[in-house]
Number of protein chains: 2
Amino acid sequence: MTKRIRRDPDTTRALILDTTERLMVEEGYAAVTSRRVGQELGINGATVHYYYPTTDDLFIALHQRMTARQLAALEDVASAPDPVAALWTLQAGWAQSALGVEFLALANHRKSIREVIAATTNQAREAQTRALNVASTAAALAEELPPIGLVTILTAVARTLANEERVGITRGHAEVLSFVERLLKNPRET
Amino acid sequence: MTKRIRRDPDTTRALILDTTERLMVEEGYAAVTSRRVGQELGINGATVHYYYPTTDDLFIALHQRMTARQLAALEDVASAPDPVAALWTLQAGWAQSALGVEFLALANHRKSIREVIAATTNQAREAQTRALNVASTAAALAEELPPIGLVTILTAVARTLANEERVGITRGHAEVLSFVERLLKNPRET
DNA sequence: GTCTATAGACGGATAGAC
DNA sequence: GTCTATCCGTCTATAGAC
């Protein structure tokens, strides 16, 4: 009755992570269960356990893939005409920020996940800072604010705006956006 | 065997909200169930349903209480010597920001909660902006960035730092803090 | 590699006793 | 107002067939 299709293991792993990511973005981390992932994917929930023994393993694998992709995207930032603007655009991505909130909430109460998130995010921030350093175009406030501080503020604002917009909070956004645009276009020499 | 203590309804309501808030901060919103809240409080889970028929009702009631308290705290901000600095300190509160992340994640996938959060947060941001307007001490970048934009950025950065620190992400924080401190102490005249 | 079946736990919500 | 008891659903994780 049910077909037992033999698939390439790596393909199945990737499909499971894809489905997990989509579920987290669309419905939140609480929607991620082995049964649900399997159902969405047309496979059995037990098969998900075969690849990722516990649900935490699944979350951790997804977080690592997400971070790896962010680091890959950083290469484009470093080589962009205006790296600061490129980083801003990258961080303002919707889906990425939605995933970020879910992982942050998850980290609030799952120790194993908290540790992985802290480690990989700290590393990613340093990589982002290096990407800015490489650039010859110095940041607007470079002398008052070290590059890593700029990266931190830029990330905080860009992601918060995306997070808020996603749930319908928009007050103040237009003002911030035009301010940032002006800053990026016309960096002042301190 | 079990005692049936008759309590003041308002007291019970407050206790339920207190417990819910603590659970969300300490273990995340997923830990909030009628059974669990009742257990922590020493009452039956069904009693929680008596006061808050659905779990969403409970979350919404807590969010409204949280926002009301934030608005009350704003009065101190408006009358502080330096309202901008006072708002920064207020927004950087740990527990508050932990609650904020949980509600944001919750809003990602529960429509009824999303609407309440969006409405009350937008209102709160305007109230915060009024609190700054009232002050004679103008903000550092007042002319380039309208007060509501300043409030938005300040809130985004303060809360993000608290959120990150809570899970062990600290890279760039020291740099941002000293930058903000310098800005607050020594606003430049644009 | 993927399935069925199952153990064992927890959840929302309600009816009705007290 | 608070309880007990219950219905019905979901979840994780594992054992074992194919």
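Naming: A, B, ... by sequence-line order, numbering from 1 per chain.
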Between [N] atom [atom2] and [X] atom [atom1], what is the distance in whole Å?
| X | N | atom1 | atom2 | value |
| --- | --- | --- | --- | --- |
| Y52(B) | dT14(C) | OH | P | 17 Å |
| L41(A) | dT2(C) | CG | C1' | 12 Å |
| N44(B) | dT2(D) | CG | P | 11 Å |
| D57(B) | dA13(C) | CG | C1' | 12 Å |

Any donor-acceptor N/O pair, [X] side chain to [Y] backbone, under 3.5 Å:
| X | Y | value |
| --- | --- | --- |
| T33(B) | R36(B) | yes |
| E102(A) | Y29(A) | yes |
| Q96(A) | L90(A) | yes |
| T121(B) | A118(B) | no |
| N122(A) | T170(B) | yes |

Regarding R159(A) and T160(B), is there a side-chain donor-to-acceptor distance under 3.5 Å anywhere?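 There is no such pair (donor and acceptor under 3.5 Å, judged by atom type) between the side chains of R159(A) and T160(B).
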Any Y50(B) side-chain nitrogen or oxygen under 4.0 Å from OP1 or OP2 of dC3(D):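 So the side chain of Y50(B) is outside the cut-off, no N or O lying under 4.0 Å from OP1 or OP2 of dC3(D).
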Does dC3(D) have OP1 or OP2 under 4.0 Å away from a side-chain N or O of T47(B)?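 Yes, such a contact exists.
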Selection residues 41-52 of chain A - residue pairs positive for side-chain hydrogen bond (donor to acceptor under 3.5 Å, both in side chains), sequence neighbours left out: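 Counting only pairs at least two positions apart or across chains, the side-chain hydrogen bond (donor to acceptor under 3.5 Å, both in side chains) contacts touching residues 41-52 of chain A are S34(A)-H49(A).
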Please list each protein N or O that sits under 3.5 Å from an N or O in nucleotides 9-12 of chain C, with the distance.
unit_1  : atom_1 : unit_2 : atom_2 : d
dG12(C) : OP1    : T55(B) : OG1    : 3.4
dG12(C) : OP2    : S34(B) : N      : 3.1
dG12(C) : OP2    : S34(B) : OG     : 3.0
dG12(C) : N7     : R35(B) : NH1    : 2.7
dG12(C) : O6     : R35(B) : NH1    : 3.4
dG12(C) : O6     : R35(B) : NH2    : 3.2

Give the residues of residues 9-21 of chain B touching DNA chain D, defined as any heavy atom closer than 4.0 Å, sorted by residue number.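 When residues 9-21 of chain B is checked for heavy atoms under 4.0 Å from DNA chain D, the hits, listed by number, are P9(B), T12(B).
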Determine whether T152(B) and T155(B) make a side-chain contact, defined as any pair of heavy atoms from C-beta on separated by less than 4.5 Å.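 Contact flag for T152(B)/T155(B) side chains = no.
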Applying side chain to side chain donor-acceptor pair (under 3.5 Å), can you list everything that pairs with T20(A), at least two apart in sequence or on another chain?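 With neighbours one apart ignored, the set is empty.
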E181(A): partners by side chain to side chain donor-acceptor pair (under 3.5 Å), with sequence neighbours left out: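 So E181(A) forms no side chain to side chain donor-acceptor pair (under 3.5 Å) with any residue.
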What heavy-atom pair brings L71(B) and A127(B) nearest, and what distance separates the two atoms?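 Minimum heavy-atom contact is CD2-CB, 3.6 Å.
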Starting at the 5' end of DNA chain D, what dot-bracket string do you get if Watson-Crick and G-U pairs under 3.5 Å are bracketed, crossing pairs use [ ], other-strand pairs use | and unpaired bases use dots? ||||||||||||||||||
